[in-house]
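In what follows, a structure is listed as structure tokens, so that the remarks can point back to it.
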Number of protein chains: 4
Amino acid sequence: MARKPPTNPRKNASQARSRATVDALIEATARILVREGFEKASTNRIAEIAGVSVGSLYQYFPSKEALVAAVIDRHNDEIMTVVRAAFAEVADMPIEKAVRRLVTVAIEAHHIDPDLHRVLAEQIPRIGQLKDVEASNREVHALVRAYLESHRKEMRRIDPDLAAFICVSAIEAVAHNTVLNGAEMLSEKTVRTLVDETTRMVVGYLR
Amino acid sequence: MARKPPTNPRKNASQARSRATVDALIEATARILVREGFEKASTNRIAEIAGVSVGSLYQYFPSKEALVAAVIDRHNDEIMTVVRAAFAEVADMPIEKAVRRLVTVAIEAHHIDPDLHRVLAEQIPRIGQLKDVEASNREVHALVRAYLESHRKEMRRIDPDLAAFICVSAIEAVAHNTVLNGAEMLSEKTVRTLVDETTRMVVGYLR
Amino acid sequence: MARKPPTNPRKNASQARSRATVDALIEATARILVREGFEKASTNRIAEIAGVSVGSLYQYFPSKEALVAAVIDRHNDEIMTVVRAAFAEVADMPIEKAVRRLVTVAIEAHHIDPDLHRVLAEQIPRIGQLKDVEASNREVHALVRAYLESHRKEMRRIDPDLAAFICVSAIEAVAHNTVLNGAEMLSEKTVRTLVDETTRMVVGYLR
Amino acid sequence: MARKPPTNPRKNASQARSRATVDALIEATARILVREGFEKASTNRIAEIAGVSVGSLYQYFPSKEALVAAVIDRHNDEIMTVVRAAFAEVADMPIEKAVRRLVTVAIEAHHIDPDLHRVLAEQIPRIGQLKDVEASNREVHALVRAYLESHRKEMRRIDPDLAAFICVSAIEAVAHNTVLNGAEMLSEKTVRTLVDETTRMVVGYLR
DNA sequence: GATGAATGAGATTTCATTCAT
DNA sequence: CATGAATGAAATCTCATTCAT
């Protein structure tokens, strides 16, 4: 049986403190981005809102970009968690049910923190190449492609990469544009109609 | 009957000069945006590249944003010219032919100055609400809607606004993502396939 | 006969203005260096003392280092002007008279703005490789060497580079250490003794 | 007979540890100074290289300046140890032999850790008035003066302070400039010639 | 004592904009 | 109208130092 490691309160304490600082900084950045826009998000202001000194900010993030990137990543992770779950759930469903579910999730996912989503989409000059976002894009593409391949029998003959590209583009565009407009105030019914129509388009295309 | 203005060479000369200055400034801005990115596009640098003094820049544009907006507008206008022509051309075509044409044009339009297009899409923190772009979006929506309404007989019953929203989203997304990837080097054949598939999806959806 | 160029008051005016700004900045830097030390010489403070905005400072000097380097260069130029004149004056003098004159000039030259000289010697982390200073060192070496070569008959056989190295080192050291101590308050008599002794040493060495 | 201190392992251990920490800090400072220059020598970095926390650094040194001063002092002590030994050795030698030895030692002493020597000479804004260095200067002056006085019979009549000033200046300058140039790569022969010449100059001057 | 997270004053530098010429 | 020197607010980032654990 493994010897229990000695509880190391010192280190734990400081790790917890570090973690809290990092979280506060990311959270503060997100808040400012949403409430005051990218322009107003200076590092001093972010630190101030986070209740932390600028020095601490630079202890954990090498630059302002890194901080914004962290916000984007966090948002991205939240979306991807939902998306991955949806694909797991959908794996064995027949095409129509699966697409409906995925469209629904796409719209829901784009509605996670919709204000932040909008700011990130509209106001942030793309940082670096946003590797994590690109990775997510590729992952989604791969997930769709995998689904299409394993359900090939339900569809017409079709190049899976091409089909994945088109489906992802279409579904994301609908979800995206939905948020960019007055996303929050969509009625249940409208959303359902949107889902119906998008599903019809995609399924029709694949069959 | 319009009163013919007296030939006023002085004024014409200076009008022509003004126009040239304005163009040079917009062009310089576009070039810097493409070649060096948004960060490097300072007003002093823009003026320098345009071969004009900063003072003159501010004679014609009240702010840096106005200048970037002018670039966006110019690009937007070019696209809209092509797009409007396409809709005129397509007005009486049957649905399949029309959609194919529109999809083709959408992709072509996104390939007008693709580098600039990419920079504008990726790097520019949206200025104001970009009224002209939004107006264009609405115009496109209206044009699609109008086409759908006047060809209603070729389609299933469907809410024209909703259908326009979905079609525009899907078509634009495909065109957009196509540029954002290695747009320039797409083979004829790949483009045709892309057009075929997108057309199939949209037509299938409308019928 | 050449057409007289049109007096261009605009450009002259602005050139004069630029020049005045540059001078004010160098002067302000020197003053702060002397009065408050290197540590206190921030760019904002320099600009303030120069009666100019920081922006202007950076219009003319790319960095704080460049500014300090300009001060050093200016001081160096003043010294070199005196030194070059001395060598011209001394060219045809016999060795003893020449050395005496050069030692005198060396001490005098190190006494040009002695406070500044001390600060530059003691407090300034050498910037870049201080190319102008190194160039001056080489020039002095070359001047001494040239003198020695053309007066070879008055001396023992000796490697001119080596001799120049030793003579320059010795003379400069005396002058330098003289300033670093309570330079300003040296009596006429003390200086004369210093010159006598140094001359004796150097001449004795060369003969 | 000295009272033997009671072996106090606890205290000795901690004294030894303290001493080790202090040494590590001084050593780390010197290394960074040499390898990365004064600019890069931040206290955090020094502590890191020393394998110690910043907090500990401040346990032993009240400020960054104190740390740099300690480096200077250590280097100075090493030089002075050599120099003092040389003067002891030389005390009864006749003037020529003595000077030759002292010049040799001066050059050798300036070659102790020549990289560090160069950095200290070129890059460090003098700290405080560097009391230890000034004390060393005075000590050297006194040693030379004492030698001169006790060997007065071998020389012409001469003010010992003045002569000491001149001799020290000259010898140090040669040694110093030798290091500042490509000191490391001096051939045996070159060094000997340098020593010969400098000796000749100084002895010639004193006689 | 030791640790290292936190501090925050302050330094350098940029750049949209103005305005005297 | 054009010019471009000048402005100065503001942004990013560093680093010597402190102090709770």
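What you see is a predicted model, and the numbers here were worked out from it, not measured in a lab.
- One finds no side-chain N or O of C:Gln59 lying less than 4.0 angstrom from the OP1 or OP2 phosphate oxygen of F:dG4.
- Heavy atoms of D:Tyr60 sit under 4.0 angstrom from primed sugar atoms or phosphate atoms, though from no base atom.
- For the pair C:Val52 and A:Val54, both in contact range of DNA chain F, the more 5′-proximal nearest nucleotide belongs to C:Val52.
- Judged by closest nucleotide on DNA chain F, C:Gly55 is the one of D:Pro62 and C:Gly55 placed further toward the 5' end.
- With a 3.5 Å ceiling on both atom-pair distances, the Watson-Crick or G-U wobble partner of E:dT21 is F:dA2.
- Residue contacts for D:Ser42: at a heavy-atom cut-off of 4.0 Å it reaches the sugar-phosphate backbone alone, with no base atom in range.
- OP1 and OP2 of F:dT14 both lie 4.0 Å or more from every side-chain N or O belonging to A:Tyr58.
- D:Ser56 and D:Ser53 share a side-chain donor-acceptor pair at under 3.5 Å.
- The CD atom of B:Glu65 sits 12.0 Å away from the OG1 atom of B:Thr43 when rounded to the nearest 0.5 Å.
- Between B:Lys40 and C:Ala41, the residue anchored nearer the 5' end of DNA chain E, judged by the nucleotide with its closest heavy atom, is C:Ala41.
- A:Leu57 contributes atom CG, which lies 10.5 Å from atom CD of A:Gln59 (distance to the nearest 0.5 angstrom).
- Using a 4.0 Å cut-off, no side-chain N or O of C:Ser53 falls inside it from OP1 or OP2 of F:dG8.
- Each of C:Asn44 and A:Leu57 lies near DNA chain E, and the nucleotide nearest A:Leu57 is the one positioned closer to the 5' end.
- C:Thr21 has no side-chain polar atom (N or O) that falls below the 4.0 Å cut-off from OP1 or OP2 of F:dA5.
- Put simply, C:Thr43 has no side-chain N or O that comes within less than 4.0 Å of OP1 or OP2 on E:dA11.
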